[in-house]
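Below is one structure, written out as structure tokens, with a few remarks after it.
Just so we're on the same page: letters track the sequence lines, and every chain starts at 1.
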Amino acid sequence: MIIAVEYHIFRRMENENSGKVMVRTRFAPSPTGYMHIGNLRTALYAYLTAKRDGGKFILRIEDTDSKRTVEDSVEVIYSSLKLAGIEYDEGPVVGGVYGPYIQSERREIYAKYINELLGSGKAFRCFCTKEELEKEKEEFSKMFPDKPFRDKCREMTNEEVSRKLSDGISFVVRQRIPEAGSTTFHDMVFGSITVENNTLDEQVLLKADGLPTYNFANVVDDHLMEITHVIRGYEYLSSAPKYNLLYESFGWNIPEYIHLPHILREDGKKLSKREGDASFQDLIDLGYLPSAVINYIAMLGWNPGTEEEFFTLDDLVQKFTPERINKSNAIFTYSKLTWLNNLHIKAMPFEEFHKKASECYSDDLKAKVDTEMVSRLIQERLETFRQIPEKTEFFVKVPPYDKELYTHKKMKSDPDSAKVMLEKMIPYFESIGDWNNETVFGALQELIQSEGCKAGTVLWPARIALSGVSATPGGASEIAHVIGKEETMRRIKEAVEFLK
RNA sequence: GGUCACAUAGUCUAGAGGUCAGGACGCGUGGAUUUCAUCCACGAGACUGAGGUUCGAGCCCUCAUGUGAUCACCA
């Protein structure tokens with residue numbers, strides 16, 4: 001503890017005297033094949049915390065559970081980070097001087113530190129089986145409900161240990177927790193938290209298979225990789241005192257902790273793969289832009305203190321401050337994400353938008369019309385890329401529709417007046433030589449003038465006749481321009497027949 | 001159940017003892033519009049409760065309630 005305090009003072013002095021300590025943060029996921037937005041946000045905040053200070057962001061794969069690791073699931077991590085634009089300075093593939101960055105490749109490193117702890121008595125071997133331990137624990141808590149259960153193996157003599165060892169009995173290594181006193185740790189978002197040592201369990205550090213547990217590997221690696229800010233989910237908050245005790249046992253400096261509240265779904269439960277909750281990749285497949293998702297999740301638990309809400313990743317690097325992270329859990333909802341997505345779509349350079357939108361256009365659409373014009377019409381009004389087919393299919397073919405669509409009170413239009421207007425429209429359109437939005441609109445204006453009617457009385461039925469739907473990107477003349485003169489004439493005549 | 005944490009409208013949030021409790025999404029109304037959307041204007045909607053401290057409490061304290069996390073040889 002004293003060492004830790006000294007280190008903080010030392011570091012603060014260093015910072016003040018310009019000999020600035022490089023901020024190093026890490027994202028340490030276990031490969032489960034599923035990157036939910038909570039994980040992504042943890043990565044994002046870790047990245048931002050490093051980058052805003054010109055520090056380094058490290059990726060470390062925590063795959064110490066051989067049963068759980070799924071093949072290819074590391075790929076999900078790489079591709080998600082790449083898609084999100086979160087680049088790591090050190091990690092698998094890119095390498096770095098603190099490597100390897102995959103825990104399963106670091107096995108031999110941990111043995112040394114386990115032995116150190118065993119030697120100093122800060123850890124002990126436990127030869128009990130899981131079942132034995134559970135039974136003992138149950139009996140103990142019946143007899144002494146107020147006392148913390150402590151494994152008998154912690155009192156074992158060296159002789160006993162050697163005997164069991166030579167008998168080849170398998171064991172785990174557990175952390176020895178002081179019997180009395182309390183442990184205090186500091187978290188940048190939650191402040192100082194103190195817990196009584198007797199409420200802490202003597203967690204396993206090394207499993208029977210010789211692999212370290214997450215809890216142990218994490219501390220060792222964070223230290224060896226010189227991580228200055230440990231940014232992770234709130235679920236580790238209650239383990240933090242145990243980590244602190246571990247750091248102290250080694251005499252290592254304690255990093256800055258930043259625990260993040262959870263992102264929950266609408267029913268207040270955790271996001272889960274099993275329940276089919278959207279992963280980052282799912283959101284992308286649903287037609288959301290990575291930049292919009294990043295923007296949205298950044299704001300779920302953090303705000304810049306101003307009323308700005310639109311941010312790119314670069315903006316966030318400039319404006320992010322870990323001090324402004326919230327303490328309470330947040331609920332993920334689509335409505336605001338969708339709104340932000342529209343903002344990000346509108347902010348895209350047209351060429352980029354058109355390229356991406358083109359992936360969503362049907363072959364029929366591409367064959368029949370100039371999709372660049374379509375892109376210009378829809379960019380402003382698109383909420384997600386998923387909406388493209390439904391918003392553009394009428395360009396290819398007028399869907400079956402109800403005559404009542406021609407009825408619009410404000411436009412002073414109904415099926416009868418519509419029929420008349422559409423018939424009168426035909427000669428105006430026929431006479432247009434250079435067919436485009438302006439000339440078509442001009443022709444419609446002429447008709448309106450000669451009829452002396454409300455604009456809508458002409459424009460409304462024209463749009464319905466050309467599209468067959470109540471809401472379209474662009475008005476009548478814009479649609480006419482896109483589908484061309486021939487198709488326009490055909491649709492108008494078809495509508496007149498339909499209305500007879 | 002033990003321990004730890006959190007608590008402002010449906011949702012995300014601002015608020016560092018004195019503000020008509022601010023903003024955004026969503027919702028509603030009206031205007032405008034080449035429909036819808038955008039846009040503009042307006043509107044409904046919140047400090048979990050009870051005590052205390054204080055001249056004054058959303059902010060500090062206590063208790064209650066609710067929610068979450070943790071109590072694995074999972075991470």
Aromatic ring of A/Y214 stacked on base six-ring of B/C74, 5.5 Å, 30°: no
B/G66 and B/G26, which share atom name C1', separated by this distance in whole Å: 25 Å
Sugar-phosphate only, base, or nothing, as touched by A/E380 at under 4.0 Å among non-hydrogen atoms: nothing
A/Y406-A/Y401 side chain donor-acceptor pair, cut-off 3.5 Å: yes
A/E196 versus A/T199, side-chain donor and acceptor atoms under 3.5 Å: no
Interface with RNA chain B, restricted to residues 296-306 of chain A and to heavy atoms under 4.0 Å: A/M299, A/L300, A/G301, A/N303
OP1 or OP2 of B/A16 under 4.0 Å from side-chain N/O of A/R324: no
First of A/K336 and A/F441 reached from the 5' end of RNA chain B, by closest nucleotide: A/K336
Nucleotide opposite B/A37 in a Watson-Crick or G-U pair, distances under 3.5 Å: none
Distance under 6.0 Å and angle within 45° of ring axis: A/K356 vs A/F385: yes
A/K410 (side chain) and B/U35 (base): donor-acceptor pair under 3.5 Å: no
Phosphate OP1/OP2 of B/A75 contacted by A/R232 side-chain N/O (<4.0 Å): no
Pairwise 5' ranking along RNA chain B for A/E266 and A/T129, keeping only the more 5' one: A/E266
B/A24 versus B/U8 - spacing of their C1' atoms, nearest Å: 15 Å
Aromatic plane relationship, A/Y296 with A/F332 - under 30° parallel, 30 to 60° tilted, over 60° perpendicular: perpendicular
Base B/A75 paired with A/Y236 side chain (donor-acceptor, <3.5 Å): yes
B/G1: pairing nucleotide in any strand, Watson-Crick or G-U under 3.5 angstrom: B/C71
Close aromatic pair by centroid cut-off 6.0 Å: A/F171 and A/F124: no
Ring centers of A/Y234, A/F190 separated by less than 6.0 Å: yes
Phosphate OP1/OP2 of B/A5: any A/S238 side-chain N/O under 4.0 Å: no
Phosphate OP1/OP2 of B/C71: any A/K242 side-chain N/O under 4.0 Å: no
Any A/K391 side-chain N or O less than 4.0 Å from OP1/OP2 of B/A37: no
Nearest-nucleotide pick for A/S477, side chain only, options being B/A69, B/U34, B/G26: B/U34
B/A21 to B/A14 separation - C1' atoms, rounded to the nearest Å: 9 Å
Distance test, side-chain N/O of A/N326 to OP1/OP2 of B/A14, below 4.0 Å: yes
Touch class at under 4.0 angstrom, heavy-atom based, for A/T472 against every strand present: base
Interatomic distance where CD1 belongs to A/I479 and P belongs to B/A37 [whole Å]: 16 Å
Closest nucleotide among B/C73, B/A5, B/U35 to the A/A208 side chain: B/C73
Watson-Crick/G-U partner (both atom distances under 3.5 Å) of B/C42: B/G28
Ring centre gap for A/F185 and A/Y247 strictly below 6.0 Å: no
Short side-chain N/O contact to B/A72 OP1/OP2 from A/K137, under 4.0 Å: yes
Side chain A/K485, main chain A/I432, donor-acceptor under 3.5 Å: yes
B/A75 OP1/OP2 closer than 4.0 Å to side-chain N/O of A/K207: yes
Base partner of B/A9, which must satisfy Watson-Crick or wobble distances under 3.5 Å: none
